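What follows is a single structure, written as structure tokens, with notes after it.
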Amino acid sequence: MNEDYNYFQDEEFRASLAAYEHMQQTGEETELDSETLTDIAEYYAMNQRMDDANRCIQYALSFYPDSVDPQIFLSRQQMFFGNKEKAWSICKAIPDQEDREVIFLQAELYFYFTEPQDAFQLLSQHYNDLPDDEAPEFLFDSIALCMDYGFGEKALTWVLQLRHDFPDYIPAIPLQAEVHNLRHEYQQAVDLLMPNLPLLAFETQAWLQLAEAQLWLDNYDEALEATDYLLAISTDNAEGLMMRANILLDLGEFDEAHSLYTRFLSFFPNDEKANYLDARCLVEQEKYAQAIQRLELLAAKPGSTLMGYVYSHLAYCYDQLGHTEQALHYRQQAEREEYNCLGELFPDLYPNAPLDDGTLPF
């Protein structure tokens, strides 16, 4: 999950988004700063609305041509396109190369283009030069970036350093638990969090990481209890809704899981994973026509590592409805993908296929 989910649910952000969209519809100007406009562009990009994202970022640049945030957006956009030279060119053209967010952009470019040691050196050097009132948050975000790119060993080293250097920095505790979960050290995450719960009672990330660890340990009651606390603190917390829905899906509680995925999707309607998992609930409820509608929207966006699962379930739904031609078409599509769950859905047709263990490939 991504912490941006919770930011994009924030009432202030939602009000800014509504103001921007009202302006787009009516032409009435509204005053939004470059950071807010960039956040809106990020929200659109996260929801796969790239035309809206590009329109928003160009609007931001038209009013704030020298602002850092839109330039960072454009550099990262080129990064995701694989345009290394262009991404670095935009980054290096930003006047303040010592800006905190520019430092993180540089580190991410190193990570993305497989130069992690340069990223580690850059972040470490910057951390060592910061005053104590800025250093903990900077190292926290550096650790999160390491986790984003799968560097669990470095993340663990740095989170232990963070807790040593700043023992009173409470957010480091759930962050360490998240590192343990990333490294599949679920019992260590539980052992860290449980004695610290009095300190973490209102830390949603602590309850989220506890729920995840307990889920992987098959402690379903404890996992659900952790999500109870999380959602009591933050009723519509996106990560909490998703986690509880995933637990209930594993338990076969498809009605309640579907209800929670629906709540999550009311905030992030284009989220790929949530749409796929909700479609699975519909399949389990034998609502095949509804599932097909959801799955075909996903199938219309090729290139995802989920595509083999989407095709597999489309084949199954069509098969259950007696539409053999469509079922065959999607089985053949699923066979071409690296990952699929044909062996689980069609055991007679694919007796030697590995069974899906429920772990999605991202």
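Atom set for the values below is all heavy atoms of this structure, side chains included, hydrogens, waters and symmetry mates excluded. Worth saying up front: this structure is predicted, and the values here are computed from it rather than measured.
- L74 shares a hydrophobic cluster with I57, L61, F73, I90; the chain of contacts runs through ILVMFWY side chains whose heavy atoms sit under 4.5 Å apart.
- Within 6.0 Å of the CZ atom in F202, the count of heavy atoms belonging to other residues, nucleotides or ligands does not exceed 12.
- Side chains of D165 and Y127: a donor on one and an acceptor on the other come within 3.5 Å.
- Side-chain rings of F8 and Y44 stay apart, their centers remaining 6.0 Å or farther from each other.
- E134 CD: more than 12 foreign heavy atoms inside a 6.0 Å radius.
- Side-chain contact of E137 with Y169: a donor-acceptor pair under 3.5 Å is absent, judged by distance alone.
- Under the 3.5 Å distance criterion, with hydrogens and angles disregarded, no donor-acceptor pair is assigned to the side chains of D271 and Y276.
- Hydrophobic clustering (side-chain heavy atoms under 4.5 Å, transitive across Ile, Leu, Val, Met, Phe, Trp, Tyr) keeps L282 apart from L314.
- Under a 4.0 Å N-O distance rule, the pair E21/R49 qualifies as a salt bridge.
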task: Begin from the C-alpha positions of F268 and Y5 and carry the test ring pair (Phe, Tyr, Trp, His ring centres under 6.0 Å) through to its verdict.
output: CA-CA 8 Å; F268 304 102; Y5 282 117; 4.8 Å; yes

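- In this structure, E29 places its CD atom where more than 12 heavy-atom neighbours from other residues, nucleotides or ligands lie under 6.0 Å away.
- F140 has its ring centre no less than 6.0 Å from the ring centre of W158.
- A cation-pi arrangement is absent between K86 and F81 under the rule of less than 6.0 angstrom and at most 45 degrees off the ring axis.
- Between the side chain of D33 and the main chain of T36, a donor-acceptor pair closer than 3.5 Å is present.
- Looking at D319 and R331, no side-chain N of the basic residue comes within less than 4.0 Å of a carboxylate O on the acidic one, giving no salt bridge.
- Remark: the Y186 side chain and the H184 side chain contain an N/O donor-acceptor pair separated by less than 3.5 Å.
- Defined by atom type and a distance below 3.5 Å, a donor-acceptor pair is missing between the side-chain atoms of Q48 and E272.
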